[in-house]
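Read through the structure below, which is laid out as structure tokens, and then see the notes.
In this chain, numbering begins with 1 at the start of the sequence shown. These numbers were taken from a predicted model, which means no experiment stands behind them.
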Amino acid sequence: MLLLGISLTLTIQSHTYHRSRVISSANFLSGGVYEKINNASEYLNLKTENDALAQENAKLRSLLINVKDTASLPKLENIKGLKPANIIVSKVIHNSYDAHENYLTLNSGSLQGVKSDMGVINSLGIVGIVDNTSNNYSTVVSILNIKSQINAKLKRSNHFGSLTWDGKSTGYVQLIDIPRLAAIKIGDTIVTGGQSVIFPENINIGTVYKRYTNKENHYYTLDIKLFNDMTNLGHVYIIKSKDSEEITNLEKAGKNE
């Protein structure tokens with residue numbers, strides 16, 4: 001049995017197909033368990049959910065009363081490249097945020113049209129990128145993952161860099177490689193950049209909290225206070241980008257020439 005276990009482990013590690021099948025099966029099993037746990041947790045937290053809905057309804061009612069405010073409400077049609085037909089509504093059934101490599105599990109998978117490398121957002125901003133899928137579940141690389149890198153920019157000036165996480169606080173991420181020519185103010189809004197093939201441009205991320213200079217390359221590094229509370233996520237939107245595969249294949253072809 002020991003030798004059989006060793007041989008199976010070596011086979012899975014050395015063959016991409018076997019490894020992907022094992023990951024898919026693991027997603028299916030863990031997804032079912034997480035969904036049961038999530039259902040029980042939801043039942044116990046009904047009062048909290050009702051309070052949150054009441055606050056949201058009150059806010060929406062006040063916006064409806066004030067016609068000027070309703071004109072500024074963000075709509076999916078107003079975000080470049082993002083339409084209702086390109087969205088899969090899903091739900092977070094498991095969320096890790098206390099490790100260096102954090103993942104989420106969603107209750108949507110390949111049968112619902114979810115694929116790897118799709119962006120995940122909610123009403124407040126970006127959440128992460130789809131990693132693996134099974135039939136009815138998918139895992140997402142959280143933005144609170146030290147391996148995550150997402151193109152982002154200063155909304156006011158369009159200077160861009162890479163959004164990363166230093167593994168410390170769940171409320172802050174870092175925007176690195178910002179040119180020192182950029183005029184930066186504390187409180188400036190950070191959004192997704194135009195160079196991303198995963199997220200549409202101008203999806204909210206957070207605001208500048210602190211600025212300091214990287215001593216190695218003399219570029220700015222910014223601490224970004226997230227709009228999202230990554231420890232408390234519910235429903236999310238998975239973005240289907242019809243152009244991402246075409247762009248990725250074109251870039252690969254250019255590198256191979």
Side-chain angles (χ1 to χ4, degrees), residues 74-90 92 101-104 106 108 113-133 138-166 172-179 182 184 188-209 214 217 219-228 230 233 236-255:
K75 297 180 180 179
L76 295 178
E77 291 85 349
N78 293 338
I79 302 175
K80 184 179 179 181
L82 189 59
K83 299 178 180 179
N86 295 332
I87 288 175
I88 301 168
V89 180
S90 190
V92 177
E101 296 180 21
N102 293 299
Y103 291 84
L104 302 90
L106 309 182
S108 301
V114 182
K115 297 180 181 179
S116 297
D117 296 328
M118 285 184 171
V120 181
I121 66 173
N122 66 6
S123 59
L124 296 178
I126 66 172
V127 172
I129 300 173
V130 174
D131 184 30
N132 287 297
T133 65
S138 54
T139 53
V140 175
V141 178
S142 170
I143 57 173
L144 300 183
N145 188 310
I146 59 173
K147 292 184 178 179
S148 172
Q149 283 201 340
I150 297 170
N151 179 253
K153 67 176 184 177
L154 288 153
K155 186 176 183 179
R156 186 166 58 87
S157 69
N158 286 323
H159 287 96
F160 65 87
S162 294
L163 194 76
T164 62
W165 186 52
D166 61 9
Y172 299 86
V173 293
Q174 287 66 48
L175 185 60
I176 62 174
D177 297 336
I178 296 294
I184 301 168
D188 279 350
T189 299
I190 303 299
V191 296
T192 52
Q195 297 188 19
S196 173
V197 297
I198 295 175
F199 293 99
E201 192 173 7
N202 294 322
I203 301 294
N204 281 335
I205 297 173
T207 57
V208 177
Y209 177 75
N214 187 314
N217 58 20
Y219 279 74
Y220 282 138
T221 293
L222 310 179
D223 281 343
I224 309 302
K225 185 177 182 180
L226 294 170
F227 289 131
N228 257 321
M230 292 298 293
L233 297 172
V236 294
Y237 304 116
I238 305 171
I239 303 169
K240 297 186 291 185
S241 175
K242 64 180 182 179
D243 298 327
S244 62
E245 187 174 349
E246 180 181 350
I247 294 172
T248 301
N249 290 336
L250 181 63
E251 289 177 347
K252 287 181 178 178
K255 291 178 180 178

Query raised in the report: Looking at CD1 of Ile239 and CD1 of Ile87, how far apart are the two atoms once the value is rounded to the nearest 0.5 Å?
Result: 6.5 Å
Requested in this report: Compare every heavy atom of Leu175 with every heavy atom of Gly161, then report the nearest pair and how far apart it is.
Outcome: C-CD1, 3.7 Å
Query raised in the report: Distance from Thr133 atom OG1 to Leu106 atom CG, nearest 0.5 Å?
Result: 11.0 Å
Only pairs under 3.5 Å count here: list side-chain donor-acceptor contacts from residues 119-129, not counting sequence neighbours, and write none if there are none.
{"residue": "Asn122", "atom": "OD1", "partner": "Leu124", "partner atom": "N", "Å": "3.0"}
{"residue": "Asn122", "atom": "OD1", "partner": "Gly125", "partner atom": "N", "Å": "3.1"}
{"residue": "Asn122", "atom": "OD1", "partner": "Asn228", "partner atom": "ND2", "Å": "3.0"}
{"residue": "Asn122", "atom": "ND2", "partner": "Asn228", "partner atom": "OD1", "Å": "2.9"}

Report task. Using the test salt bridge (charged side-chain N to carboxylate O under 4.0 Å, His left out), find all partners of Asp188 that sit at least two apart in sequence or belong to another chain. Result -> Arg156
Query - Test item: side-chain donor near acceptor, Lys153 and Asn158, under 3.5 Å - result: yes
**Report entry** Worked verdict on Tyr237 versus Ile88 for side-chain contact (heavy atoms from CB on, under 4.5 Å)
**Finding:** CA-CA 6 Å; Tyr237 304 116; Ile88 301 168; over 6 Å; no
Query - From CA spacing to verdict: side-chain contact (heavy atoms from CB on, under 4.5 Å), Ile178, Thr221 - result: CA-CA 7 Å; Ile178 296 294; Thr221 293; over 6 Å; no
Report task. Measure across Pro179 and His159 and return the closest heavy-atom pair with its distance rounded to 0.1 Å. Result -> CG-CD2, 4.2 Å
Requested in this report: Report the residues that fulfil side-chain hydrogen bond (donor to acceptor under 3.5 Å, both in side chains) with Thr189, sequence neighbours left out, ordered by chain and then residue number.
Outcome: none
Requested in this report: I would like to know whether Leu104 and Thr139 meet side-chain contact (heavy atoms from CB on, under 4.5 Å); could you show each step before the answer?
Outcome: CA-CA 6 Å; Leu104 302 90; Thr139 53; over 6 Å; no
Query - Tyr219: partners by ring pair (Phe, Tyr, Trp, His ring centres under 6.0 Å), with sequence neighbours left out - result: none
Query - From Thr207 atom OG1 to Tyr172 atom OH, the distance as rounded to the nearest 0.5 Å - result: 8.0 Å
Requested in this report: Evaluate the criterion side-chain contact (heavy atoms from CB on, under 4.5 Å) for residue pair Ile150 and Ile198; output intermediate values, then yes/no.
Outcome: CA-CA 9 Å; Ile150 297 170; Ile198 295 175; over 6 Å; no
Report summary line: Residues at least two apart in sequence or cross-chain that pass side-chain hydrogen bond (donor to acceptor under 3.5 Å, both in side chains) with Gln174, listed by chain then number, are Asp166, Asp223
Query raised in the report: What do you reckon, is OH of Tyr209 surrounded by more than 12 foreign heavy atoms closer than 6.0 Å?
Result: no
Query raised in the report: Could you state the interatomic distance from CH2 (Trp165) to CD (Glu101), rounded to the nearest 0.5 Å?
Result: 10.0 Å
Query raised in the report: What distance separates Ile205 CD1 from Ile190 CD1, expressed to the nearest 0.5 Å?
Result: 7.0 Å
Requested in this report: Using a 4.5 Å cut-off on heavy atoms from C-beta on, say whether the side chain of Val191 contacts that of Ile203.
Outcome: no
Report summary line: Residue set satisfying side-chain hydrogen bond (donor to acceptor under 3.5 Å, both in side chains) with Asn151, at least two apart, ordered chain then number -> none
Report task. Return the set of residues passing side-chain hydrogen bond (donor to acceptor under 3.5 Å, both in side chains) with Ser90 (not counting sequence neighbours), or none when no residue passes. Result -> Asn107, Ser108
Query raised in the report: With a 4.5 Å limit on heavy-atom distance, are the side chains of Leu222 and Ile184 in contact?
Result: yes
Donor-acceptor pairs under 3.5 angstrom involving side-chain atoms of residues 140-148: please list them, not counting sequence neighbours.
{"residue": "Ser142", "atom": "OG", "partner": "Leu144", "partner atom": "N", "Å": "2.9"}
{"residue": "Asn145", "atom": "OD1", "partner": "Lys147", "partner atom": "N", "Å": "2.9"}
{"residue": "Asn145", "atom": "ND2", "partner": "Asn102", "partner atom": "O", "Å": "3.2"}

Requested in this report: For Phe160, enumerate each residue passing the ring pair (Phe, Tyr, Trp, His ring centres under 6.0 Å) test, keeping only those at least two apart in sequence or located in another chain.
Outcome: none
